[in-house]
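Input: one structure, supplied below.
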There are 2 protein chains.
Amino acid sequence: MARDERKRPTIYDVAREAELAPSTVSRALSNPGRVSSRTREHVLAVADRLGYQVNSLASALPSGRTHTVALFVSDITNPHFFGIIRGAEHQARAAGCTLILGDTEESPEVEARNIERLGSSVDGFVVAASRMTDEDIEALAGKHRVALISRQLAGLPSVIVDHVDGTREIVEHLAALGHESLVYLAGPRRAWLTDQRWRGLAQAARRVGMSARRLGPFQPTMRAGANAADVALGSGATAAVAHNDLMAIGMLRRVAERGMRVPDDLSVVGFDDIFGSDISSPALTTLGGPFEEVGRLAVDSLLGMREKSREAGRAEQIVLPSHLVIRGSTGKAPVR
Amino acid sequence: MARDERKRPTIYDVAREAELAPSTVSRALSNPGRVSSRTREHVLAVADRLGYQVNSLASALPSGRTHTVALFVSDITNPHFFGIIRGAEHQARAAGCTLILGDTEESPEVEARNIERLGSSVDGFVVAASRMTDEDIEALAGKHRVALISRQLAGLPSVIVDHVDGTREIVEHLAALGHESLVYLAGPRRAWLTDQRWRGLAQAARRVGMSARRLGPFQPTMRAGANAADVALGSGATAAVAHNDLMAIGMLRRVAERGMRVPDDLSVVGFDDIFGSDISSPALTTLGGPFEEVGRLAVDSLLGMREKSREAGRAEQIVLPSHLVIRGSTGKAPVR
DNA sequence: TTGAAAGCGCTAACAT
DNA sequence: ATGTTAGCGCTTTCAA
């Protein structure tokens with residue numbers, strides 16, 4: 001082990017080489033404007049020549065700014081989150097931050113534990129589809145910067161896709177096809193969206209005179225979709241709205257297995273417009289949304305929190321428009 | 001701002017409360033065995049009572065161990081990586097580490113830049129489907145701990161899924177169906193796997209007396225699959241092996257668009273067995289592999305590098321078995 | 001505008 | 001087995 005051969009240069013090396021104080025180098029590097037432009041350029045040149053790179057750990061320690069944000073999703077294998085992850089990753093990178101990805105595995109405990117564990121080593125948390133209780137989220141938000149995705153909570157910044165308008169669109173689409181009854185195959189009880197979607201569907205159904213029932217809850221997976229399909233088929237309804245596309249695709253398959261046909265015997269609608277929803281057969285009618293944008297905006301409002309929202313009293317709650325993607329899984333209601 | 005109200009307790013607080021030296025607290029917390037069990041328990045109790053939590057940044061600075069690993073994938077929206085990501089996340093968490101996820105967007109430049117940027121703030125890098133040159137990877141490995149996924153390079157730990165056996169299986173499957181000619185729709189030139197897969201296919205084809213041609217390169221996306229389908233159809237071959245499932249699914253769709261049928265007019269095979277490959281119609285015949293395991297093992301060998309491999313002279317190169325999943329996209333060769 | 005110096009919270013020799 | 005004491009590389013008052 002040589003002495004100073006293999007080590008990365010520090011601001012001290014740059015300072016010595018530039019014949020300046022380390023503090024000046026520090027300013028030149030991260031606080032331009034508080035240093036004369038001549039010295040700044042000099043410092044930059046020397047730093048470049050020496051191959052200097054900031055040690056982000058070292059700078060995070062005294063400043064408290066880690067330039068890192070964490071994104072937690074409830075199930076990392078659900079394609080629904082891909083867009084969100086990508087959007088978040090992009091926005092984080094654009095802001096000079098690093099993204100940490102965590103899987104909470106549908107468990108509020110795992111969620112809380114993992115967030116706690118990261119604690120001081122991130123600037124904030126973006127939590128997608130949190131399964132925690134409102135109280136726990138509020139407690140969390142008291143200690144850390146938090147932005148929510150697919151969930152709203154007073155006082156916290158959030159980004160969701162419009163489900164009020166979306167569910168209305170779904171119901172009107174089904175009504176136009178002659179359906180008079182629908183079932184909602186509910187998602188997990190802890191998922192905020194489960195109630196929201198049900199509420200939207202029920203309300204819209206009422207307005208158009210369609211009957212609506214809520215069944216479940218089910219795990220939001222393809223596997224659970226099989227069970228959901230059986231339940232839907234048994235309900236006598238002509239249209240089934242699944243909590244998400246994973247379930248809906250599982251339903252499609254199960255219905256076929258049982259020798260029945262979509263949409264002739266049952267129309268099926270999903271949520272999210274995930275990768276795969278257009279390659280199933282029939283392709284899935286589903287409520288899509290700009291999920292990359294969701295991820296991007298969530299990181300954005302997390303990072304921007306300090307500047308305005310928080311001091312302005314309340315956080316911004318963003319609602320992005322949803323759009324119904326009509327494909328082959330919905331069709332005319334069977335005549336009974 | 002109160003003085004010591006809102007701040008998280010440090011080892012100094014614990015030390016004062018436990019009437020010990022900070023260093024003893026530090027040992028008790030992270031080096032048990034170098035402290036009497038009585039004091040250790042005492043420290044633990046006090047730490048617990050005070051709600052102490054380590055500041056991982058602060059501990060990383062002097063020790064150099066960040067307990068963080070980075071995973072880079074070439075395209076974060078490719079479902080192929082979901083399993084790898086999940087496996088890596090699990091193994092990292094099991095080892096008490098945090099996972100940083102990076103998207104290199106098929107670009108060697110983005111890849112190099114992002115890796116460089118993280119530099120000292122991670123314990124090592126797992127790079128999946130690197131697009132960098134061997135030389136650049138070697139240079140990188142000289143400065144950081146690196147483990148490769150879906151790529152082999154002498155001296156570096158790696159995890160791949162067996163493509164030699166896999167391509168043989170594909171070819172024999174096609175031969176058994178009476179195919180006498182195949183085309184390989186190649187992936188990106190910079191992808192190590194592109195050449196490997198072609199080599200395996202060509203060699204296996206030679207052995208069974210099948211003709212084989214390589215076409216492309218194509219981007220490994222569904223969109224590029226359309227182009228690949230046209231080229232494959234124009235080639236006169238009866239079987240097409242796509243570089244990955246994304247391309248293969250894109251091909252399936254394009255073939256149908258052109259009014260031809262899979263597998264009657266053309267058999268199609270993919271690689272990876274991604275989510276979605278079994279819901280397309282026809283469902284895709286594809287070479288699968290234990291990708292969660294791949295992610296897990298890659299993190300594992302990265303983290304274990306210091307202990308044995310490195311000193312034992314060379315890194316372990318793990319090859320996991322692949323398996324051909326036969327579905328509807330392959331069938332008897334058309335009679336010409 | 002620049003420099004000096006005191007930390008950030010923890011680890012790791014080196015003593016004891 | 002435990003305490004003392006330097007740092008790790010950077011930021012940030014406070015002076016000059």
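Hydrogens, waters and symmetry mates are skipped; everything else that's a heavy atom, side chains included, is used. Order of the sequence lines sets the chain letters (A, B, ...), proteins ahead of strands, with each chain counted from 1. Model, not experiment: these values are computed from the prediction.
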Salt bridge present between A:Glu293 and A:Arg296 (N-O < 4.0 angstrom):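 Judged by the 4.0 Å cut-off on N to carboxylate O distance, A:Glu293 and A:Arg296 do form a salt bridge.
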Spacing of A:Arg34 atom CZ relative to C:dG3 atom P, expressed in whole Å: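 For the pair A:Arg34 CZ and C:dG3 P, the rounded distance is 14 Å.
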Heavy-atom closest pair, residues B:Leu57 and A:Leu61: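 That closest heavy-atom pairing would be CD2-N, 4.4 Å.
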Short side-chain N/O contact to C:dT2 OP1/OP2 from A:Ser36, under 4.0 Å: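 True: A:Ser36 side-chain N/O within range (under 4.0 Å) of C:dT2 OP1/OP2.
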Sorted by number, the residues of residues 40-58 of chain B with heavy-atom contact under 4.0 Å to DNA chain D: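 Close to the strand, none.
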Close side-chain approach of B:Leu71 to B:Ile85, heavy-atom, < 4.5 Å: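 They are in side-chain contact.
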Boundaries of the chain A footprint along DNA chain D (any atom under 4.0 Å from a heavy atom):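 Nucleotide range with atoms under 4.0 Å of chain A: D:dG9 to D:dT13.
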A:Val35 vs B:Asn31, nearer the 5' end of DNA chain C by closest nucleotide: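 The answer here is A:Val35.
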Side chains of A:Trp192 and A:Ile160 in contact at under 4.5 Å (non-hydrogen atoms):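 Side-chain contact under 4.5 Å: yes.
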Closest-nucleotide ordering on DNA chain C, the 5'-leading residue of A:Tyr12 and A:Thr24: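 Looking at the nearest nucleotide for each, A:Thr24 comes out on the 5' side.
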Any donor-acceptor N or O pair under 3.5 Å, side chains B:Ser107, B:Arg113: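 No donor-acceptor contact under 3.5 Å links the two side chains.
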A:Leu61 CG - C:dC10 C1' separation (whole Å):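 Answer to the nearest Å: 8 Å.
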Pair A:Glu105 + B:Arg93: basic N to acidic O under 4.0 Å: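 Judged by the 4.0 Å cut-off on N to carboxylate O distance, A:Glu105 and B:Arg93 do form a salt bridge.
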Beyond-backbone contact of B:Pro220 with B:Glu106, side-chain heavy atoms, under 4.5 angstrom: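 With C-beta onward as the side chain, the pair touches.
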Salt bridge flag under 4.0 Å for residues B:Asp136 and B:Arg131: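 Judged by the 4.0 Å cut-off on N to carboxylate O distance, B:Asp136 and B:Arg131 do not form a salt bridge.
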Whole-Å gap separating P (C:dT1) and CZ (A:Arg38):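 In whole Å, C:dT1 P and A:Arg38 CZ are 14 Å from each other.
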Proximal nucleotide (of C:dT2, C:dC14, C:dT11) relative to the B:Arg27 side chain: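 The nucleotide sitting nearest to the side chain is C:dC14.
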Phosphate-side-chain proximity, A:Ser23 and C:dA5, N/O vs OP1/OP2 below 4.0 Å: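 Looking at the OP1 and OP2 atoms of C:dA5, neither is under 4.0 Å from any side-chain N or O of A:Ser23.
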Flag side-chain contact, heavy atom, 4.5 Å: A:Ile76 against A:Phe81: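 No, their side chains stay 4.5 Å or more apart.
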Phosphate contact (C:dC10 OP1 or OP2) by B:Ser63 side-chain N/O below 4.0 Å: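 The answer is no; no side-chain N or O of B:Ser63 sits under 4.0 Å from OP1 or OP2.
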